Amino acid sequence: MERNDRRVDVRSFAVRRELRDILARLIDRGWWRPNQYEQALDRLVKQRKLALRQMLLIFEEGRVTDEVAALEILGRLATKEDDAQLAAIANSSRAFEGARVSCALVLLGHDSSERITAPDVSGLVLRWQARHLAEEKSMREPLVRLYGSAPREERARWIVLQEQEVSEPAGRAAIFEMLLEHEEDRELRRLLLEGLTRYPSPCARAVLQRVQPQAPEERESIMAALARFAADADTRTVPEGWSARVGFCDGSGSYPLRFDFRHPMSRERSVLFLLDLECGVREALALVGSDVARYDKAGAAEDGREMGSLHTLSVPQALGLLHQAERAGLRCECYSPLDFRDARQFLDPLADLEIQRPSLALSGDPNLDPQDTRRMLDGPGYAGWYFDAGDHIFDDLRLEVLRTCDPDSPPDADLVTRAAERLQESGEAAKIARRLDHNAFVHHCAGQMRLAATALATAKACLTEEFPQIPLVRRMMRESVHPGHFFFAPVPDCTQRNDLALLMLSSARPTRGRVLAVDLAWILTRATDVWLSRVPSGERPHGDHVRSAVLELAFVGARWVTGWMSNYEEPETGDQEAMRVSFGSWRRSLRERYRDTLREMPFPPPPWDAGFERLTDLLTWATETLVFSICLCQCEYRCPVNSRRSGAACLAAESFPAGEDAELKIRSWPGLYFQQPTSLQEGALRALVEASGAGKTLYEKKPTFHCGVCGMDRPITARSRSQVHPQGADGGGQDVCRRCQRRYRHDPEFRDELTRRLGPLTRR
């Protein structure tokens, strides 16, 4: 019997299985952190051909649950040389519809439309795009560009094709709205309006309310259609799959509101708002598909808990809260978040519902029960009820506490009363009452009837002379007059460096100059957080405007730094102090560049810092810290000096190239104190903080170790798995920091010199 010497390629089988598992997770509703998602895609690209075959097999099996994610992955894996294989699937009537559409769209992206020969593909693609256009706003730009470049006759045929092929209400309304926004021809606009009004639906009604008529006859047509839709609308039945939840109001007057859509035949959808009782809509976010689970799991991982603080309410009542916030924003002329329009459009299927104003069928007992009051104050809805560093009316009282208060005792009762009276004189009592009214409604939604009545009674007491003696108010004052608000920088809550890199370098080659912009955005984000902590809560810009400003400022600052470095003539001694002096002489130029950038952006200046003087000071200070204390001191890549070289290695490192202590410096910049106390103040402040139980985390010295290579004392978290055994030394090896271990691995000259001087590095 002849022996079969053929061997099984175990490695190939293992690779196929690995790629298949990665693909299954990417196109399912699983959860990935952003950096993990990109790493998984990079792994697929390295085995492109094998990954593409596995992807097409998954398509053939019909196991794709997130079609948009599958299309993105297929677009990354397929190249022009794969067009024949893609065309075979797109033209096959036996293939699954999702596979045919995805392959056809990739072919269109490759400008290979001539390979699509099946007559039904155009209708499949059109219906698929219409279904996802309402959810995926990124699809608008290529469609609009294609439509706008076509001649009038082609645009007319396209409108007729939409009319024939698209019947799903949300997709139909989204497509006709998109075309109406860009069509100028009166006759074609008439066709679009007729197509939009032909089939009544909540989505069509919402679109008609947003359309800007360009002629009197258009206005009449729209008004007639809206009247007809209103007559036929079902204003009481909530569409299947929709629900809503609301959260407690915090001490600044903000609270979360969330809408969710879950249906077996559709992709998951969530719309999240952060609303303010005085300033309207503060934040808005629309999520669809796998992004919903990704957001929920990320929030649970960061907060250490699920979304249990949100409580169910009826969808009409939730719409009433959103409507109240929109009106409040108009009254105070506050800017809306950049994503508010898209988030609001996600709620178009609810346009026919009659809005209900949230109300309670309860009456607050004027005689507050101490036990119920204590239970209410200990609840999660009141943990953040105090006035922070942005409320400067307490600054003098905070310094008085620092001078006179016994660390082991609460602030003097008279001082607390004076703070409450000052708050009452400033008109805050009515605002606190409104926040309590809202929380009473949330207690009611949670089934906590006694706490709801207690919150209502407390709200009524806020409008009387009893205000300074209310337990809630006195607790707020005791926390608000703590000197820490005056001196301490806010708790670090900085974004991830990988997330910024993905956002800023998605389509650009990562030079070291661009990597410098990423790291600058990292520390400038922290600088703006510090600045926002000093801005009164009612004057703080929206987070969307802050993020957009930071990204633009980072590129501006990186260009300025690299330009200054290229013109700087370094002394022969290489003295960094001379470089700092030179930077100081040019600091004003950088401040002006930052200020001009802020003024050119839709970034509203708050009255507290109308000229951006304090903000530009912080931005310049943060830039100087990054350049001199990290980039030119702790990092081997020296991006400001070598800005034109490749920065791929700077981003590929598992940890921050400058070390974990440098990363900590960025995240906690400018350090423990925003305003440096005197030695006497620092001693008193230390005693107050330690007495409150927070001293261990604020003042405890972190453990360190001595690196046997560079000779520096480094944080214990920076210790690598390597050791060095000096020649002729007794005893065991000496620990080595990650920075030296990395240089040993990547720098041959450093490795040879270290080996001659001390010996090779070995694993512990």
Side-chain angles (χ1 to χ4, degrees), residues 134 170 173 177 201-212 222-223 226-227 229-231 233-239 241-250 252-261 269-287 310-361 430-431 433-445 459 538 542 544:
E177 180 181 21
S201 70
C203 295
R205 179 186 176 191
V207 168
L208 286 172
Q209 291 175 331
R210 291 193 294 265
V211 169
Q212 298 294 325
I222 291 173
M223 296 302 294
L226 285 174
F229 285 9
D234 183 355
T235 61
R236 297 186 179 277
T237 304
V238 177
W242 283 93
S243 62
R245 288 180 287 171
V246 65
F248 288 100
C249 201
D250 64 15
S252 67
S254 299
Y255 64 93
L257 180 68
R258 175 168 178 163
F259 294 85
D260 288 289
F261 175 71
R269 185 184 305 179
S270 289
V271 190
L272 305 100
F273 299 99
L274 183 64
L275 307 180
D276 191 285
L277 293 175
E278 312 298 331
C279 306
V281 183
R282 302 292 301 177
E283 304 283 349
L285 179 63
L287 302 170
L310 297 181
H311 301 282
T312 303
L313 76 165
S314 70
V315 174
Q317 288 179 324
L319 291 173
L321 288 174
L322 182 58
H323 180 66
Q324 288 178 359
E326 291 171 338
R327 293 182 60 184
L330 291 175
R331 284 196 304 269
C332 67
E333 298 181 353
C334 291
Y335 289 83
S336 294
L338 299 179
D339 295 332
F340 175 68
R341 185 174 184 268
D342 290 343
R344 196 66 173 88
Q345 288 181 12
F346 268 49
L347 301 181
D348 282 356
L350 307 176
D352 281 349
L353 280 181
E354 182 180 357
I355 295 175
Q356 294 181 11
R357 181 179 179 181
S359 60
L360 294 177
K431 295 180 181 179
R434 285 195 289 272
R435 295 165 196 170
L436 285 164
D437 284 337
H438 172 85
N439 277 11
F441 174 73
V442 180
H443 283 303
H444 184 269
C445 294
H542 289 297
D544 290 345

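None of these values were measured; they are calculated from a predicted model. Hydrogens, waters and symmetry mates play no part in the numbers below; they use all other heavy atoms, side chains included.
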> Between Arg210 and Glu177, is a salt bridge (charged side-chain N to carboxylate O under 4.0 Å, His left out) present by the stated rule, with each step listed?
Replying inline: CA-CA 9 Å; Arg210 291 193 294 265; Glu177 180 181 21; 2.9 Å; yes

>> I need the minimum non-hydrogen distance between Ser254 and Asp276, along with the two atoms involved.
In response: OG-OD2, 3.1 Å

>> Show the nearest heavy-atom pair for residues Leu353 and Pro239, with the distance to one decimal.
In response: CD1-CD, 4.2 Å

> Side chains of Pro256 and Leu310: does their closest heavy-atom pair fall under 4.5 Å?
Replying inline: yes

> Is the closest side-chain heavy-atom distance between His438 and Val442 below 4.5 Å?
Replying inline: yes

> What distance separates Gln345 CD from Asp348 CG, expressed to the nearest 0.5 Å?
Replying inline: 6.0 Å

> Can you tell me how far the OG1 atom of Thr235 sits from the CD atom of Gln356, to the nearest 0.5 Å?
Replying inline: 9.5 Å

> Quick one: are Asp260 and Arg245 in side-chain contact, heavy atoms under 4.5 Å?
Replying inline: yes

>> How close do Leu277 and Cys249 get, counting heavy atoms only, and between which atoms?
In response: CD1-SG, 3.8 Å

>> To the nearest 0.5 Å, what is the distance between CD1 on Ile355 and CD on Gln324?
In response: 9.5 Å

> Leu313 versus Pro358: any side-chain heavy-atom pair under 4.5 Å?
Replying inline: no

> Is Asp234 close to Asp352 at the side-chain level, that is, under 4.5 Å between some pair of heavy atoms?
Replying inline: no

> Any idea which heavy atoms bring Ala343 and Ala284 closest together, and the distance?
Replying inline: CB-CB, 4.0 Å

> Heavy atoms, side chains only, cut-off 4.5 Å: are Phe340 and Asp544 in contact?
Replying inline: no

> Phe441 versus His311: any side-chain heavy-atom pair under 4.5 Å?
Replying inline: no

> Can you name the nearest heavy-atom pair linking Cys334 to Cys332, along with the distance?
Replying inline: SG-SG, 2.7 Å

>> How close do Arg435 and Asp250 get, counting heavy atoms only, and between which atoms?
In response: CD-O, 4.1 Å

> Got a second to check how far Leu285's CG is from Ser270's OG, nearest 0.5 Å?
Replying inline: 9.0 Å

> Below 4.5 Å, heavy atoms only, C-beta onward: do Pro349 and Arg269 meet side chain to side chain?
Replying inline: yes

>> Please report the interatomic distance CH2(Trp242) to CG(Leu319), rounded to the nearest 0.5 Å.
In response: 9.0 Å

>> What's the separation between atom OG in Ser336 and atom CZ in Arg344, rounded to the nearest 0.5 Å?
In response: 11.0 Å

>> If you apply the rule side chain to side chain contact (heavy atoms under 4.5 Å, CB included), what do you find for Phe273 with Leu321, and how did you get there?
In response: CA-CA 11 Å; Phe273 299 99; Leu321 288 174; over 6 Å; no

